[in-house]
Amino acid sequence: QVQLVESGGKLVQAGGSLGLSCAASGRTSGSYAMGWFRQAPGKGREFVASINWSGGSIYYEDSVKGRFTISRDNAKNTVYLQMNSLKPEDTAVYYCAAGTYISGSPLDYAYWGQGTQVSVSS
């Protein structure tokens with residue numbers, strides 16, 4: 001089992017920046033791919049970004065390309081999401097997830113955190 005805990009969510013103004021972290025514990029010896037997803041009120045869970053174990057492969061959802069950066073520090077069992085130029089439509093609960101391989105589908109991730117709220121005011 002892998003436990004994931006997100007942190008860093010808060011209320012920010014449009015155009016601002018915010019960094020999220022996701023700390024993994026438990027069975028972290030596996031070479032997991034990590035993903036960030038988000039869910040806005042009344043909407044489904046949406047892919048944001050993903051990164052493979054080595055960090056050599058990274059995917060982004062089109063609306064966040066050029067604004068968000070995913071990274072990881074395997075020595076710290078932590079994955080990060082740096083979000084710049086935030087927009088009100090980025091408002092959502094952000095979840096990190098761990099899976100066997102890099103993917104944009106939430107179905108491919110076995111482990112999930114509880115989420116952290118990001119709110120962007122206009």
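The two residues Arg67 and Asp90 make their nearest non-hydrogen contact at NH1-OD2, 2.8 Å. Taking all atoms of both residues into account, the shortest heavy-atom contact from Leu20 to Gly8 is CD2-C, 3.6 Å. Scanning both residues, Arg72 and Ala33, for their nearest heavy atoms gives NH1-CA, 4.0 Å. The shortest non-hydrogen separation linking Ala40 to Ala92 is N-CB, 3.8 Å.
The OG atom of Ser50 sits 3.5 Å away from atom CD1 of Ile102, with the distance rounded to the nearest 0.5 Å. Distance check: Leu81 CG to Tyr60 OH gives 7.5 Å after rounding to the nearest 0.5 Å. Atoms CG and CD, from Asn77 and Gln3 in turn, are 11.5 Å apart once rounded to the nearest 0.5 Å. We find the CG-OG1 distance between Asp108 and Thr100 to be 8.5 Å, quoted to the nearest 0.5 Å. In this structure, the separation between CZ on Phe68 and CH2 on Trp36 is 11.0 Å, given to the nearest 0.5 Å. With rounding to the nearest 0.5 Å, the separation of OH in Tyr109 from CZ in Arg45 is 13.0 Å.
Partners of Ser119 according to the side chain to side chain contact (heavy atoms under 4.5 Å, CB included) rule, which considers only residues two or more places apart in sequence or in another chain, are Leu11, Thr91, Gln117. In this structure Tyr80 satisfies the ring pair (Phe, Tyr, Trp, His ring centres under 6.0 Å) test with no other residue, sequence neighbours excluded. Evaluation of the salt bridge (charged side-chain N to carboxylate O under 4.0 Å, His left out) rule for Lys65 yields Asp62 as partners, not counting sequence neighbours.
Cluster partners of Leu107, using a side-chain heavy-atom cutoff of under 4.5 Å among ILVMFWY residues and allowing indirect links: none.
Linking ILVMFWY residues whenever their side-chain heavy atoms come closer than 4.5 Å, directly or via other members, leaves Tyr32 and Val5 in distinct clusters. Connection of Tyr111 to Val79 is established within a shared hydrophobic cluster, with ILVMFWY side chains joined at heavy-atom distances below 4.5 Å, either directly or through further cluster members. Hydrophobic clustering keeps Met83 apart from Tyr59 (ILVMFWY residues linked when any side-chain heavy atoms are closer than 4.5 Å, directly or through intermediates). Clustering ILVMFWY residues whenever any of their side-chain heavy atoms sit less than 4.5 angstrom apart, transitively, puts Val118 in the very cluster that holds Ile70. Connection of Val48 to Tyr101 is not established within any shared hydrophobic cluster, with ILVMFWY side chains joined at heavy-atom distances below 4.5 Å, either directly or through further cluster members.
Less than 6.0 angstrom separates the ring centroid of Phe37 from the ring centroid of Trp112.
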Task: Criterion side-chain contact (heavy atoms from CB on, under 4.5 Å) on Tyr95 and Gln39, from CA distance to verdict - done: CA-CA 8 Å; Tyr95 299 89; Gln39 188 164 14; 4.1 Å; yes
- [ ] Verify side-chain contact (heavy atoms from CB on, under 4.5 Å) between Leu4 and Met34, making sure each step is shown before the conclusion.
- [x] CA-CA 10 Å; Leu4 302 172; Met34 299 296 295; 3.9 Å; yes
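Atom CD of Glu89 sits in a crowded spot, with more than 12 heavy atoms from other residues, nucleotides or ligands closer than 6.0 Å.
Applying the side chain to side chain donor-acceptor pair (under 3.5 Å) rule to pairs touching residues 5-23 yields Ser17-Asn84, sequence neighbours excluded. Counting only residues at least two apart or in different chains, disulfide (SG to SG under 2.5 Å) contacts with residues 53-98 comprise Cys22-Cys96.
Listed for the Arg38 side chain is no donor-acceptor partner under 3.5 Å among the backbone atoms of Val93. Asn52 places a side-chain N or O within 3.5 Å of a backbone atom of Gly56 that can act as its donor or acceptor partner.
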